Amino acid sequence: MGSIARIILQRLALGLLTLLIVSMVIFVAVNALPGDFAQQILGQGATPEAIEAIRKDLGLDQNYFLRYFSWLGNLLTGNLGISFAQMNFASNMGGDQLIGVAEQIRPRFMNTMFLAGVTAVIAVPLSIILGLLAALYRNTVFDRAANITTLSSISSPEFFLAYILILFLAVLNPVFPSLSNIFDGMGFGDRLNKTMLPALTLTLVVTAHMMRMTRAAIINLLASPYIEMARLKGISPMRVIVKHALPNALAPIINVIALNLAYLITGVVVVEVVFVYPGIGQLFVDSVKIRDIPVVQACCLIFAAAYILLNLAADIMSILSNPRLRHPK
Amino acid sequence: MSGTLLKIRNLQIEGRADETWNPIINGIDFDLNKGEVLGLIGESGAGKSTAGLAAMGFTRDGCRISGGTVEFDGIDLVNASAAVKRGLLGKRIAYVAQSAAASFNPAHKLIEQHVEAPVQHGVQDRATSQADGIELYRRLRLPDPDNIGFRYPHQVSGGQLQRAMTAMAMSCRPDLIIFDEPTTALDVTTQIEVLAAIRDIVEQFDTAAIYITHDLAVVAQMADKIKVLLKGDEVEEADTRTMLSDPKEEYTKSLWAVRSFQRPAKPAINTGATPVISVQNVTAAYGTVPVLFDVNFDIHQGRTVAVVGESGSGKSTAARCITGLLPPKQGHIEFDGVALPLDYKKRNKDQLRQAQMIYQMADTALNPRKSIGEIIGRPVQFYSGLTGADKRRRVEQLLEQIELEPTQYINRLPSELSGGQKQRVGIARALAADPKFIICDEVTSALDQLVAEGILKLLADLQDTLGLSYMFITHDLATVRSISDEVVVMKDGRVVEQGPKADMFQPPHHPYTDLLLSSVPEMDPDWLTELLEKRGIDNIGDAAVGKMV
């Protein structure tokens with residue numbers, strides 16, 4: 001088991017290094033955006049002196065390196081900075097009621113995680129079961145139907161799927177509410193109810209990948225001698241697939257699941273907008289619009305961390321799914 | 001029900017290739033009585049495995065039974081439903097595959113896989129079946145039978161896995177077991193143990209068996225009667241002793257005669273001559289695991305040195321040291337009396353050119369996307385700088401040397417060649433560098449005996465015309481006998497004995513050489529019995545029989 005612990009530690013260190021590099025990329029990219037916050041809030045007619053004054057107040061006039069390292073230093077102490085939009089420029093940069101970026105992002109991020117969680121709970125088992133069944137009944141009507149359905153749903157734009165679901169599940173048959181205006185202190189059942197439509201939309205988006213990878217990974221193994229052996233032992237086809245093929249097909253399946261979960265956290269802006277769901281995606285887009293650099297940077301970093309963590313988890317689980325690594329000679 | 005357990009009549013099987021169905025088996029018949037062992041022999045492509053699986057009512061994907069009947073204990077397996085067949089498979093008919101390493105599921109422990117059939121078929125509950133499995137492991141002489149089942153397949157050696165698979169086949173006490181080349185992948189010394197174990201357990205439980213193999217000497221030990229197949233047709237069938245002593249058909253006689261190819265002995269080496277390759281005090285390790293210990297041997301101009309040993313004895317590692325792929329920790333390699341840099345990266349083009357390799361699996365050693373002309377042309381261009389028409393001429397000349405018609409083969413892909421032809425291309429690729437010395441790593445072990453003999457003859461001719469030296473790595477002593485001039489016997493990374501061939505096949509030997517030589521199956525049906533008696537191994541677990549059944 002020592003070797004596995006070593007591999008995991010190595011991957012963790014590598015993940016941190018990646019995050020550091022990503023933080024540089026984020027910083028450079030965000031600062032390369034044309035226009036800045038000062039210009040955005042003062043509008044076209046602003047005098048250069050006024051813009052300069054605000055830039056100075058925000059520290060935007062300092063050089064890049066200094067700003068990067070002070071941002072990084074603050075990050076390490078858990079301080080994500082203060083949103084530009086929260087500041088009160090008229091009253092001399094101040095007041096004690098400033099809400100930090102961290103506090104601003106936290107509720108939005110929790111909402112996004114909740115939506116991703118609900119979607120994952122529906123989509124992951126669904127796609128694995130569909131994939132197993134498609135592998136079992138490969139090249140039959142069922143297999144083709146499952147493939148066509150999931151492929152059409154992944155090929156349609158998300159907002160289109162969202163409106164179709166609204167039409168059928170909110171307008172024609174009012175099962176779920178079409179607006180997901182969730183707020184703090186809401187009960188779990190209520191929250192779940194309001195989250196259902198966005199979650200179902202996202203399920204339609206992510207199922208195809210996972211299902212098709214499950215199917216392909218399993219069919220890929222069906223020609224192996226040990227699968228033939230299982231058949232020659234008179235084992236039922238379902239058991240052959242679940243007990244003999246699936247455990248050996250886990251690594252590629254886990255990787256695709258991780259990729260899709262990461263997408264659920266970082267790529268769901270359109271669905272949030274359609275359902276007015278207060279997730280991190282909307283906050284991110286709004287902040288980019290007004291060049292609210294601290295918020296944009298924090299969101300990017302959270303997205304990057306989510307990707308890295310999920311891929312790390314996938315790597316580790318793939319390693320653990322291999323008995324050769326779990327039980328060395 | 002009479003004594004006939006399996007009745008196959010006019011069995012025809014077709015395989016699908018390029019959108020058409022091609023015959024694989026064209027009507028074979030046989031009967032198998034309870035407790036009887038039938039040996040099915042033939043070269044690859046003869047249809048023996050297909051016939052063996054068909055006896056279970058099973059065909060691989062892309063194959064179908066197109067005619068004839070398979071009747072097991074009165075049940076028509078050709079027309080039986082999948083559910084009826086599943087009820088028989090594993091329970092009354094079991095299968096032992098060629099490669100146990102590939103046929104055990106890597107994700108589950110051995111005992112899990114052992115108990116699966118009895119539990120799923122409702123023959124025994126888990127605990128009973130597990131206890132029975134351990135008892136079978138004990139009877140098959142697996143080491144540490146109480147615990148070995150709780151290991152994963154990768155934690156157990158090949159010979160042990162093969163015995164565990166035999167135990168698994170026995171788990172429901174079937175009436176019939178199909179053994180599909182169960183010892184082909186094993187070393188000779190391991191093969192003996194597995195053969196003895198299989199034979200005894202089949203006798204004890206009075207199980208009928210179909211034993212599929214290409215090795216005549218092996219089938220002679222195992223079978224009551226033998227059927228010879230050639231390209232899907234039956235050649236002849238007779239009981240084992242008759243078949244061995246008095247084969248009727250030409251083809252059978254030619255199979256029997258393959259082992260007779262032998263090169264005339266060469267004169268002794270001049271004592272003062274400089275060897276082409278001299279391996280001196282070589283010690284090598286993979287990482288920190290030592291694999292070679294102080295290995296010394298010389299290979300002289302125009303001679304063949306056979307390096308013999310079981311898997312893990314360090315034969316291939318020695319070759320890797322010579323080629324510089326694995327730089328030795330100590331010692332050095334001399335070429336024509338001059339020390340070579342130990343790491344191939346530090347060798348110049350001429351030093352690299354002089355030593356070439358031919359691999360065991362021509363299938364994996366040839367790039368499947370390149371034509372034969374490109375495969376051979378690449379080293380021609382790399383080492384001699386020839387391009388265009390000159391390169392093509394050289395490639396054609398090489399193809400002629402390996403007896404493949406250039407116009408016909410130069411544009412083909414490896415997949416369009418037979419196994420023997422692929423190996424010939426491997427030889428041409430080595431010759432393309434115009435080397436003085438070639439390492440042949442088990443070049444004939446994946447080939448049928450008749451084809452292998454052709455390759456050996458080709459190598460011998462090339463040696464005579466080009467004055468090549470060979471290092472011939474093999475575990476097959478028949479090959480050693482036919483091609484070598486000198487022999488080096490290796491065990492556990494050390495050279496245990498070496499000398500001219502004539503001396504090596506004459507006693508007295510080092511005890512290990514003796515063990516190796518005596519483990520090579522002979523075409524005598526009593527050979528295994530006599531050998532076991534001589535080695536003092538009694539029949540396995542006779543005392544336990546009453547308790548078990």
Side-chain angles (χ1 to χ4, degrees), chain A residues 1-4 6-7 128 132 134-140 143 214-254 317-329, chain B residues 49 52-53 55-62 82-109 112-123 150-157 161 165 168-169 171-172 174 177-178 180 289:
Chain A
M1 290 309 272
S3 66
I4 290 183
R6 203 168 58 234
I7 292 173
I128 289 180
L132 289 176
L136 182 61
Y137 302 111
R138 58 194 169 283
N139 305 328
T140 62
D143 181 22
T214 306
R215 177 185 182 274
I218 288 195
I219 287 181
N220 206 8
L221 289 179
L222 291 184
S224 330
Y226 58 83
I227 297 293
E228 181 177 284
M229 190 71 211
R231 285 196 192 132
L232 290 172
K233 277 156 76 180
I235 306 300
S236 71
M238 192 67 203
R239 193 180 156 89
V240 167
I241 284 190
V242 175
K243 188 96 178 145
H244 289 271
L246 186 59
N248 294 293
L250 280 180
I253 298 174
I254 290 172
M317 289 207 288
S318 303
I319 291 169
L320 291 181
S321 78
N322 183 346
R324 285 169 196 275
L325 288 166
R326 260 184 300 137
H327 306 273
K329 282 197 179 192
Chain B
S49 289
L53 288 170
M56 309 177 73
F58 184 89
T59 50
R60 292 207 162 114
D61 284 343
V84 169
K85 281 195 270 191
R86 270 206 302 281
L88 291 174
L89 291 182
K91 187 177 173 188
R92 298 196 58 201
I93 315 177
Y95 180 71
V96 175
Q98 170 167 4
S99 167
S103 296
F104 269 114
N105 191 326
H108 302 295
K109 292 173 183 165
E112 289 295 324
Q113 306 190 45
H114 182 96
V115 303
E116 190 177 20
V119 171
Q120 291 294 313
H121 287 295
V123 175
F150 298 92
R151 295 196 205 164
Y152 284 88
H154 70 272
Q155 296 171 310
V156 179
S157 78
L161 274 183
M165 178 161 283
M168 184 161 85
S171 61
C172 293
I177 302 185
I178 317 291
D180 192 353
V289 184

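Every chain is numbered from 1 and lettered A, B, ... according to where its sequence line falls, protein lines coming before strand lines. These numbers come from a predicted model, not from an experiment.
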Contacting moiety of B:Leu53, where chain A heavy atoms sit under 4.5 Å = side chain
Output, in order, the C-alpha distance, side-chain angles, deciding distance and verdict of side-chain contact (heavy atoms from CB on, under 4.5 Å) for B:Tyr95 and A:Glu228.
-> CA-CA 10 Å; B:Tyr95 180 71; A:Glu228 181 177 284; 4.0 Å; yes
Atom group of B:Gln98 that falls short of 4.5 Å from chain A, counting heavy atoms = neither
State, to 0.1 Å, how close B:Met165 and B:Ala97 come at their nearest heavy-atom pair, and which atoms those are.
-> SD-N, 3.4 Å
When the 4.5 angstrom heavy-atom criterion is applied to B:Ala102 and chain A, the contacting part is both
Interchain contact, A:Ser321 with chain B, by part (heavy-atom threshold 4.5 Å) = neither
Who among A:Lys243, A:Arg231, A:Lys233 has the most heavy-atom pairs with chain B under 4.5 Å?
-> A:Lys233
When you measure from the side chain of B:Gln155 to the backbone N and O of B:Tyr152, does any donor-acceptor pair fall under 3.5 Å?
-> yes
Residue part contacting chain A, namely of B:Arg151, when any heavy atom lies under 4.5 Å | neither
Which bit of B:Phe104 comes within less than 4.5 Å of chain A, counting heavy atoms only: side chain, backbone, both or neither?
-> backbone
Ranking B:Ile93, B:Leu88, B:Leu89 by heavy-atom pairs under 4.5 Å to chain A gives rank one to B:Leu89
Considering only heavy atoms, which portion of A:Arg239 lies under 4.5 Å from any heavy atom of chain B: side chain, backbone, both, or neither?
-> side chain
Between A:Arg138 and A:Ala135, is there a donor-acceptor pair closer than 3.5 Å when you use the side chain of the first and the backbone of the second?
-> yes
Any ring pair (Phe, Tyr, Trp, His ring centres under 6.0 Å) pairs touching residues 231-251 of chain A, not counting sequence neighbours?
-> A:His244-B:His108
For A:Ala249 and A:Ile218, which heavy atoms make the closest approach, and how far apart are they?
-> CB-CG1, 4.1 Å
B:Phe150, CZ: over 12 other non-hydrogen atoms inside 6.0 angstrom = yes
Most contacts with chain B, counted as non-hydrogen pairs under 4.5 angstrom, among A:Pro237, A:Ser224, A:Ala223 | A:Pro237
